[in-house]
Number of protein chains: 2
Amino acid sequence: MTDKKKPSGQPDKRRAIVHGALQLFARDGYTRASLDAIAAEAGVSNRTIYNHFTDKAELFQTVIQDSTRRVADTMIDIIDRHLAKVVDLENDLVELGLAWLRLLTSDLAPHFALIRQINAEIEYIPPTALKVWQETGPGRVRQELADRLRQIAGGGQLTLADPLRAAGHLMLLISADNLTDRTALHDETELAAMVSAGVRAFLYGYKR
Amino acid sequence: MTDKKKPSGQPDKRRAIVHGALQLFARDGYTRASLDAIAAEAGVSNRTIYNHFTDKAELFQTVIQDSTRRVADTMIDIIDRHLAKVVDLENDLVELGLAWLRLLTSDLAPHFALIRQINAEIEYIPPTALKVWQETGPGRVRQELADRLRQIAGGGQLTLADPLRAAGHLMLLISADNLTDRTALHDETELAAMVSAGVRAFLYGYKR
DNA sequence: AGATTATTACACCGATCGATGTAGACATTA
DNA sequence: TAATGTCTACATCGATCGGTGTAATAATCT
């Protein structure tokens, strides 16, 4: 499944390229981000990029997979940290949601700009790449969350017919806001209010 | 406020250009959509575009404003149709939400692709243009919805401290889903379930 | 009809960009 | 030392694109 690649060249150079490319792809999008600019951002020669990647497209693909994996890992960490042992379900879910939303302004911020780029160019991206991204990213997070929810349901605090579906709903209700309206920046209290509303909506449908 | 323009040239040509440009800007984004392609799509000479618009940027701006105004008008129509006389508030809100979401697959669909493009290139778009778009588009819809909600609150079915804020929350809860996850196409029943969940979340917080 | 304006097709310029070639500098390994 | 592989700077190619000039044609107006 996971295609084995031959990462030729020096690893630190490769990492610098991927990191720099993420910054520029996130800010300027696939087309507008030039390889010269990426090379400059990475502190690397233009030619070196082609020593590590065959194509601009392959570089883009690598950047997506790399960033997606890192962010998904972080989100799963947050899930485990907040839902491993539940004391107050509503409060724990709100804290989980807030921790997620705080990622939007963390050093992982460029990732979400990249996601917006992908979303915009979705008609232009090969469906297989899109499927892979979906599975190794949001899909994995949703699966982990579903497992935790099922575990909680086992304790009698929830009633779940379809945990995976419920996990999807919860993720949606938590993170819906800032992903749509980018013009209004919400302060921390407003953020908390929105997350609370989302969590309550979830519990309203699934609590028992 | 509203800058008076001098729409030189033949109106039908201009309309054809704007319409064709919307299709290509929506599909390919600002950068990738070439003027030659737009001209071909509109059935118009390349040179004619520059007879109606000074710039690619001005054309883009015009397309945004035009499409935004049309969609906002449609959404406001839907508001008026469902909330002019409320009999069953929850049901009417759900129907309103479903009518809104149906726009995503209507002939207005390119508009939302365009919005995704704007969202992606948001760092690249002049803030003033962004502000104008926000005000004549979602802002106007939100204002209209707020007015209706205030009217309903006058009847005692809602308790609103800040109708405008409440309107924003409701719009968010209704339309959050499909704007984020574009990979999974939701069927009609799932759509209805999501809208219902959003409406219930809204009423849970505001009903009295 | 005559005058004016809009539209068209075509050629062109300058700039950008992806990608490749080349040759030398540098480091590592045998 | 010799060999191998990577990195860098630079030069170049072909293609695309935004924008302009021009001259002929078509549509509109008075």
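Because the structure is predicted, anything quoted here is derived from the model rather than measured. In the text below, chain A, chain B and the rest are named by the order of the sequence lines, each starting its count at 1.
- Contact check on B:Glu95 versus B:Arg81 returns no salt bridge, with no Lys/Arg side-chain nitrogen under 4.0 Å from an Asp/Glu carboxylate oxygen.
- Applying the 4.0 Å criterion to OP1 and OP2 of D:dT6, one finds that A:His52 has every side-chain N and O outside that range.
- Between the two ends of the helix from C:dA1-D:dT30 to C:dA30-D:dT1, each summarised by a five-pair axis, the helix axis turns through 20° (rounded to 10 degrees).
- Using modelled atom types, no side-chain atom of A:Thr48 and backbone atom of A:Asn51 make a donor-acceptor pair closer than 3.5 Å.
- In this entry the distance linking CZ of B:Phe53 with C1' of C:dA6 reads 15 Å, nearest Å.
- Of the charged side-chain nitrogens involved, none lies within less than 4.0 Å of a carboxylate oxygen, so that A:Glu135 and A:Arg142 do not count as a salt-bridged pair.
- In this model, the phosphate group of C:dT8 is approached by a side-chain N or O of B:Thr48 to a distance below 4.0 Å at OP1 or OP2.
- The nearest whole Å value for the distance from the CZ atom in B:Arg15 to the P atom in C:dT7 is 12 Å.
- Between B:Gln10 and D:dT28 there is a side-chain polar atom (N or O) within less than 4.0 angstrom of OP1 or OP2.
- Side-chain N/O atoms of B:Lys13 include none lying less than 4.0 angstrom from OP1 or OP2 on D:dA27.
- In this structure, B:Glu58 places its CD atom 11 Å from P of D:dG19, rounding to the nearest Å.
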Contact state string [nucleotides 17-27 of chain C, B base, S sugar-phosphate only, - no protein heavy atom under 4.0 Å]: SSBBBB-----
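- Of all heavy-atom pairs between A:Ile17 and A:His52, the closest is CD1-CD2, 4.0 Å.
- B:Asp80 places a side-chain heavy atom less than 4.5 Å from the side chain of B:Glu144.
- By the 4.5 Å heavy-atom criterion applied to side chains, B:Asp73 and B:Arg70 are not counted as neighbours.
- A ring-ring contact (aromatic ring centres under 6.0 Å, His included) with A:Phe60 holds for exactly one of A:Trp133, A:Phe53, A:Phe25; it is A:Phe25.
- Checked by atom type and distance alone, the side chain of A:Asp55 never pairs as donor or acceptor with a backbone atom of A:Glu58 at under 3.5 Å.
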